[in-house]
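The block underneath contains the structure these notes are about, expressed in structure tokens.
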Number of protein chains: 2
Amino acid sequence: MSANSRLTIAAHALAWIGLYQRQGHEVATSEQIATSANTNPVVIRRLLGELRRAGLVESRRGVGAGWSLARELESMTLLDVYEAVEPGPLFAMHRTTPDQGCVVGHGIQPAMQSIYEGIEETLRHELARVTLADVLRDVLAAPR
Amino acid sequence: MSANSRLTIAAHALAWIGLYQRQGHEVATSEQIATSANTNPVVIRRLLGELRRAGLVESRRGVGAGWSLARELESMTLLDVYEAVEPGPLFAMHRTTPDQGCVVGHGIQPAMQSIYEGIEETLRHELARVTLADVLRDVLAAPR
DNA sequence: GCAGTCGTAACAGTAGAGGTTGCAACAGTC
DNA sequence: GACTGTTGCAACCTCTACTGTTACGACTGC
């Protein structure tokens with residue numbers, strides 16, 4: 001499927017900011033988050049930018065700038081994050097239009113479309129069941 | 001997510017072979033299926049090769065060669081096809097190991113791994129609910 | 001004005017999907 | 001035994017998306 005790590009990194013960043021804020025800090029920098037996720041600050045800024053457009057985080061510029069949560073972790077679900085960072089559908093149709101003169105070529109796309117929509121709806125439902133507070137709780141529960 | 005069309009094309013091919021066999025033919029060629037799917041025969045042969053390794057189809061060589069179903073469409077589910085053509089997980093972890101000295105960096109992977117496993121199990125369950133006979137029925141039910 | 005951070009563009013590297021060509025292997029038929 | 005049609009498969013190309021990296025302007029508190 002050529003899976004990507006966008007949802008994972010986004011959840012990592014949100015959990016990090018949430019924990020940091022619980023420890024009394026106001027804003028987290030992309031540099032700090034990138035160090036924890038072992039990646040480049042620009043990667044974090046790009047992802048957080050998408051989360052900002054989705055209303056999940058806010059950013060401040062200038063000296064003492066950085067990122068903060070726009071909502072409580074309890075009110076954020078993995079579905080919110082998924083929709084913010086994963087635009088496309090899970091399964092793709094044919095890259096070129098199938099032969100419309102063939103019965104199968106004609107009917108396959110509406111058939112699969114309908115099936116895929118049901119499956120994606122279930123996926124979204126599952127993602128919506130997990131809040132970022134759940135994620136942070138699980139993170140902190142990991143054995144050391 | 002950079003979705004691919006492998007599951008769609010594989011389902012298309014199976015539905016095509018199934019319908020062709022119902023019409024009394026013994027084997028279908030990759031050329032015929034490729035024409036219906038509007039793609040290259042080699043693409044079809046590659047996909048059907050994976051389905052053959054999964055025990056869903058059989059191939060004959062020589063003159064009058066081609067592909068036939070190894071099982072009834074009724075006993076084949078989209079999960080069988082999915083497992084045959086989509087090896088990897090739905091969501092990827094970090095490409096590099098997160099900072100194990102950080103609480104979040106240390107706990108994020110087991111936390112997300114567990115969540116992802118639950119979600120993928122639900123996905124598989126949904127895929128298993130749809131048989132290829134269902135797909136072919138929906139295909140034939142499409143308005144013309 | 002300075003310093004620290006975001007915002008964003010630009011580019012490179014990597015990986016996978018999909019398309020294409022070419023050809024050996026195979027198995028029927030003449 | 002030659003011919004024919006198809007699979008099996010390797011090799012290569014193109015395209016796209018993700019990720020990483022560098023660079024630099026924009027912003028804002030001091």
Side-chain angles (χ1 to χ4, degrees), chain A residues 1-10 12-13 17 20 25-35 37-53 57-68 70 84-98, chain B residues 1-10 12-13 17 20 25-35 37-53 57-68 70 84-98:
Chain A
M1 176 69 69
S2 78
N4 63 50
S5 60
R6 298 166 66 81
L7 183 59
T8 304
I9 303 293
H12 186 146
I17 300 172
Y20 199 57
H25 302 91
E26 287 220 355
V27 296
T29 69
S30 60
E31 176 74 35
Q32 294 169 315
I33 301 167
T35 299
N38 194 12
T39 182
N40 191 289
V42 176
V43 174
I44 300 297
R45 291 207 286 271
R46 279 201 288 241
L47 270 175
L48 287 180
E50 296 175 43
L51 298 183
R52 174 163 41 77
R53 281 186 281 280
V57 299
E58 291 166 347
S59 63
R60 294 213 307 242
R61 305 179 69 168
V63 171
W67 303 83
S68 55
V85 304
E86 299 279 6
L90 205 50
F91 301 108
M93 284 296 141
H94 309 62
R95 293 171 60 149
T96 56
T97 306
Chain B
M1 175 71 71
S2 79
N4 63 49
S5 61
R6 297 166 66 81
L7 183 58
T8 303
I9 304 292
H12 185 146
I17 300 173
Y20 200 58
H25 302 91
E26 288 221 354
V27 296
T29 69
S30 60
E31 177 74 35
Q32 295 170 314
I33 301 167
T35 298
N38 194 11
T39 182
N40 192 290
V42 177
V43 174
I44 300 297
R45 291 207 286 270
R46 278 202 289 241
L47 271 175
L48 286 180
E50 295 175 45
L51 297 183
R52 175 163 40 79
R53 280 187 282 279
V57 299
E58 291 168 347
S59 64
R60 294 213 306 242
R61 305 180 68 170
V63 171
W67 303 84
S68 54
V85 302
E86 300 279 6
L90 208 50
F91 302 109
M93 285 295 142
H94 309 62
R95 292 172 59 148
T96 56
T97 306

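What you see is a predicted model, and the numbers here were worked out from it, not measured in a lab. Labels below follow one simple rule: chain letters A, B, ... track the order of the sequence lines, proteins then strands, and each chain is numbered from 1.
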Problem - Inter-residue atom distance B:Ile17.CD1 - B:Trp67.CH2, 0.5 Å rounding - result: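 Rounded to the nearest 0.5 Å, the CD1-CH2 separation comes to 8.0 Å.
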Please report the shortest heavy-atom distance between [X] and [Y], naming the atom on each side.
| X | Y | value |
| --- | --- | --- |
| B:Leu48 | B:Ala13 | CD2-CB, 4.0 Å |
| B:Ala28 | B:Ile33 | CB-CD1, 4.3 Å |
| A:Thr97 | B:Asn38 | O-ND2, 2.8 Å |

Specify the separation, in whole Å, of atom [atom1] of [X] and atom [atom2] of [N].
| X | N | atom1 | atom2 | result |
| --- | --- | --- | --- | --- |
| B:Asn38 | C:dG18 | CG | P | 14 Å |
| A:Met93 | C:dA17 | CE | C1' | 17 Å |
| B:Arg95 | C:dG16 | CZ | C1' | 12 Å |
| A:Asn40 | C:dC11 | CG | P | 18 Å |
| A:Glu58 | C:dC6 | CD | P | 14 Å |

Practice task
Check whether any side-chain N or O of A:Ser59 sits under 4.0 Å from OP1 or OP2 of C:dC6, and answer yes or no.
Solution key: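 So the side-chain polar atoms of A:Ser59 never come under 4.0 Å of the phosphate oxygens OP1 or OP2 of C:dC6.
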Exercise for the section: Strictly below 4.0 Å, heavy-atom distances to any atom of DNA chain C: list the hits from residues 44-53 of chain B, or just say none. Expected result: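 Only B:Arg46 qualify.
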Handout entry: Counterpart residues, salt bridge (Lys or Arg N to Asp or Glu O under 4.0 Å), relative to B:Arg52 (two or more places apart)
Key =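 Once residues adjacent in sequence are excluded, B:Arg52 has no partner under the salt bridge (Lys or Arg N to Asp or Glu O under 4.0 Å) criterion.
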Handout entry: With sequence neighbours excluded, residues passing salt bridge (Lys or Arg N to Asp or Glu O under 4.0 Å) with A:Arg95
Key =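 Here no residue qualifies.
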Exercise for the section: Indicate yes or no: at least one non-hydrogen side-chain atom of A:Arg45 is less than 4.5 angstrom from one of A:Val42. Expected result: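 A:Arg45 reaches A:Val42 side chain to side chain.
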Residue list, side chain to side chain contact (heavy atoms under 4.5 Å, CB included) with [X], at least two apart or on another chain:
| X | result |
| --- | --- |
| A:Ala3 | B:Ala92 |
| B:Arg60 | B:Glu26, B:Val27 |
| B:Glu50 | B:Arg6, B:Arg53, B:Val85 |

Problem - side-chain hydrogen bond (donor to acceptor under 3.5 Å, both in side chains) partners of B:Ser5, counting only residues at least two apart - result: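 side-chain hydrogen bond (donor to acceptor under 3.5 Å, both in side chains) check on B:Ser5 returns nothing, list empty.
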Practice task
Output all residues satisfying side-chain hydrogen bond (donor to acceptor under 3.5 Å, both in side chains) with B:Asn40, sequence neighbours left out; order by chain, then residue number.
Solution key: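 Scan of B:Asn40 (side-chain hydrogen bond (donor to acceptor under 3.5 Å, both in side chains), adjacent residues dropped) gives none.
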Problem - Angle between terminal axes - the helix from C:dG1-D:dC30 to C:dC30-D:dG1, 5 pairs each end, rounded to 10° - result: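 That helix gives 0° between its end axes.
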Problem - Span of DNA chain D, from the first to the last nucleotide whose atoms fall under 4.0 Å of chain B heavy atoms - result: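 Contact span on the strand: D:dT4 to D:dT19.
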Exercise for the section: Take A:Val42 and A:Asn4, find for each the nucleotide of DNA chain D with the closest heavy atom, and name the residue whose nucleotide sits nearer the 5' end. Expected result: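 The answer here is A:Asn4.
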Report all interatomic pairs (protein N or O, nucleotide N or O of nucleotides 27-30 of chain C) with separations under 3.5 Å.
unit_1	atom_1	unit_2	atom_2	d
C:dA27	N3	B:Val63	N	3.4

Practice task
Could you check whether the rings of B:Tyr20 and B:His25 sit parallel, tilted or perpendicular, using 30° and 60° as the cut-offs?
Solution key: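 The rings of B:Tyr20 and B:His25 lie parallel, inter-plane angle below 30°.
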